[in-house]
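Down below is the structure, laid out as structure tokens.
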There are 2 protein chains.
Amino acid sequence: MPISIAIVEDDADIADEISKLIEETPDFKLSCCCRNMHSALERIPALAPDVVIMDINLPDGSGIQATAQIKRILPKTEVMIFTIYENTEDIYQALEAGASGYLLKRSSSSTIVSSIRNMMKGEVPMTAAIARKVIQSFQRKEASTQSNPAMASLTPRELDILQLLAKGHPTKEIASQRSISVDTVNTHLRRIYEKLHVHSRAEAILKYLDKK
Amino acid sequence: MPISIAIVEDDADIADEISKLIEETPDFKLSCCCRNMHSALERIPALAPDVVIMDINLPDGSGIQATAQIKRILPKTEVMIFTIYENTEDIYQALEAGASGYLLKRSSSSTIVSSIRNMMKGEVPMTAAIARKVIQSFQRKEASTQSNPAMASLTPRELDILQLLAKGHPTKEIASQRSISVDTVNTHLRRIYEKLHVHSRAEAILKYLDKK
DNA sequence: GATTGCGTCACCAAATCTGGTGAGATTTTC
DNA sequence: GAAAATCTCACCAGATTTGGTGACGCAATC
């Protein structure tokens with residue numbers, strides 16, 4: 001069975017180019033070609049293509065919004081973002097919306113074809129440069145966990161324990177992960193509760209997640 | 001000022017190799033060379049090197065734990081994970097722990113040197129293959145945040161109890177707020193855990209907060 | 001009219017958590 | 001060098017949570 005592909009792209013030249021590429025590839029099949037978000041959301045859900053090639057800058061909205069909508073209705077459909085700029089925030093949001101690939105428009109035909117095939121295999125095709133950008137932004141998000149006011153009174157170790165707590169680990173597991181005794185973990189927990197003015201694990205976790 | 005670099009690596013051959021590489025590079029300076037996690041956590045905080053090259057498989061613990069500890073004490077120190085395998089879960093955890101790079105041991109000398117320099121510039125050096133893997137796991141995490149399949153199976157009452165749970169209330173309080181017995185609340189909790197595939201209050205709360 | 005799902009309650013055992021006391025070893029700070 | 005902070009561990013008692021079994025009434029569904 002051929003891979004059915006829909007295109008959402010407002011630029012007629014680029015849309016034609018991709019259309020031709022799809023028609024020329026033996027096991028690819030063009031499902032439909034939309035010029036804006038509105039018609040994409042109207043036609044694609046009924047067609048349920050395997051793949052959607054999605055432009056970000058559409059005349060009547062963002063391809064990221066469209067991606068989120070389509071993925072909600074068709075979770076199995078893979079969306080490949082296809083754009084000119086490698087804007088970090090866009091990439092991040094696109095992945096969050098459920099996109100499975102992020103290609104630049106200057107990519108070669110063979111890259112596009114192989115990326116679609118790889119995407120169907122469960123990979124997340126993108127250039128190394130884009131991948132690095134995403135990781136950087138991911139990295140920064142994690143790093144921002146650093147500072148917060150109420151948590152300031154906690155010692156490094158206590159914060160460490162609290163973070164494990166906030167992942168849902170039971171005491172026993174925290175102890176083994178940090179190679180310390182259960183008693184020690186409990187001591188830390190008691191002090192954490194005291195400092196955060198809470199009386200249970202759940203409250204401590206909620207307080208921690210709040211201040212993030 | 002030269003870039004001071006500490007090595008944490010249990011394999012003597014590899015440690016020597018990297019040591020030599022650092023000493024041969026003009027603006028690099030070897031800060032210290034630790035053979036296990038314990039000595040790393042003992043010596044590195046005092047030395048405050050610019051960069052730590054960290055092995056994951058240490059005889060007395062994980063380099064990821066060590067990374068988290070070091071980053072907590074020395075937030076400005078950049079940690080480069082240096083390992084044989086490109087295990088997705090390890091990579092993910094390493095980045096979460098605050099690592100800024102992930103290199104394979106089979107990398108060339110010039111790659112290692114340039115990666116360290118790039119890392120000092122704020123980049124997150126890693127091979128394209130590793131980057132893709134991380135994004136895939138990121139993608140899967142995000143994708144699961146989409147809709148709430150598990151939550152849908154909860155009855156209205158169960159969801160109600162779960163929401164109170166997620167505010168940090170203890171069982172007793174939930175019972176009195178809803179004018180039902182503690183036993184009933186516990187029954188609901190048991191069913192909630194079963195449906196959400198969790199085994200503790202904390203996990204249930206986290207799952208609930210995630211899917212929001 | 002039987003089945004099924006839901007909400008309620010009870011009893012019970014084992015595991016876990018909360019909270020208290022005390023205390024040795026280190027490191028940091030003054 | 002003394003004092004304070006941190007991390008570690010132990011022991012203990014009571015509260016809470018987890019998980020299992022069983023059961024009753026009610027409503028909706030079939």
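Protein chains get the first letters and strands the later ones, always in sequence-line order, with residue 1 at the start of each. Just so you know, these numbers come straight off a predicted model, no measurement behind them.
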Expressed as a whole number of angstroms, how long is the span from [X]:[atom1] to [N]:[atom2]?
{"X": "A:Asn186", "N": "C:dG19", "atom1": "CG", "atom2": "C1'", "value": "10 Å"}
{"X": "A:His169", "N": "C:dC17", "atom1": "NE2", "atom2": "C1'", "value": "17 Å"}
{"X": "A:His188", "N": "C:dG19", "atom1": "NE2", "atom2": "P", "value": "17 Å"}
{"X": "A:Lys172", "N": "C:dT18", "atom1": "NZ", "atom2": "P", "value": "15 Å"}
{"X": "A:Leu189", "N": "C:dG20", "atom1": "CG", "atom2": "P", "value": "14 Å"}
{"X": "A:Glu173", "N": "C:dC17", "atom1": "CD", "atom2": "C1'", "value": "16 Å"}
{"X": "A:Leu196", "N": "C:dT18", "atom1": "CG", "atom2": "C1'", "value": "15 Å"}
{"X": "B:Glu203", "N": "C:dA15", "atom1": "CD", "atom2": "P", "value": "18 Å"}

Report summary line: chain A reaches DNA chain D, atoms under 4.0 Å from its heavy atoms, from D:dT6 to D:dC11

Query raised in the report: Which residues within residues 176-184 of chain A lie with some heavy atom under 4.0 Å of an atom in DNA chain D?
Result: A:Ile180, A:Ser181, A:Asp183, A:Thr184

Query raised in the report: Is any side-chain N or O of A:His199 closer than 4.0 Å to OP1 or OP2 of C:dT18?
Result: no

Query raised in the report: So, is A:Tyr193 close to the C:dT18 phosphate, meaning a side-chain N or O under 4.0 Å from OP1 or OP2?
Result: yes

With sequence neighbours left out, write down each residue that passes side chain to side chain donor-acceptor pair (under 3.5 Å) with [X], or none if nothing qualifies.
{"X": "B:Thr184", "value": "B:Ser181"}
{"X": "B:Thr25", "value": "none"}
{"X": "B:Asp13", "value": "none"}
{"X": "B:Thr111", "value": "B:Ser108"}

Query raised in the report: Does a donor on one side chain sit under 3.5 Å from an acceptor on the other, for A:Gln163 and A:Tyr208?
Result: yes

Salt bridge (charged side-chain N to carboxylate O under 4.0 Å, His left out) with [X]: which residues, sequence neighbours excluded?
{"X": "A:Arg191", "value": "none"}
{"X": "B:Asp160", "value": "B:Arg157, B:Arg178"}
{"X": "B:Glu158", "value": "B:Lys195"}

Requested in this report: Not counting sequence neighbours, list each pair that qualifies as a side chain to side chain donor-acceptor pair (under 3.5 Å) and has a residue in residues 29-40 of chain A.
Outcome: none

Report task. Kindly write out the residues that satisfy side-chain contact (heavy atoms from CB on, under 4.5 Å) with B:Thr171, not counting sequence neighbours, or none if the list is empty. Result -> B:Val182, B:Val185, B:Asn186, B:Leu189, B:Arg201

Query raised in the report: How does protein contact run along nucleotides 21-30 of chain C, one letter per nucleotide 5' to 3', with B for base contact, S for sugar-phosphate only, - for none, heavy atoms under 4.0 Å?
Result: B---------

Query raised in the report: Quick one: do A:Lys76 and A:Asp50 make a salt bridge, cutoff under 4.0 Å?
Result: no

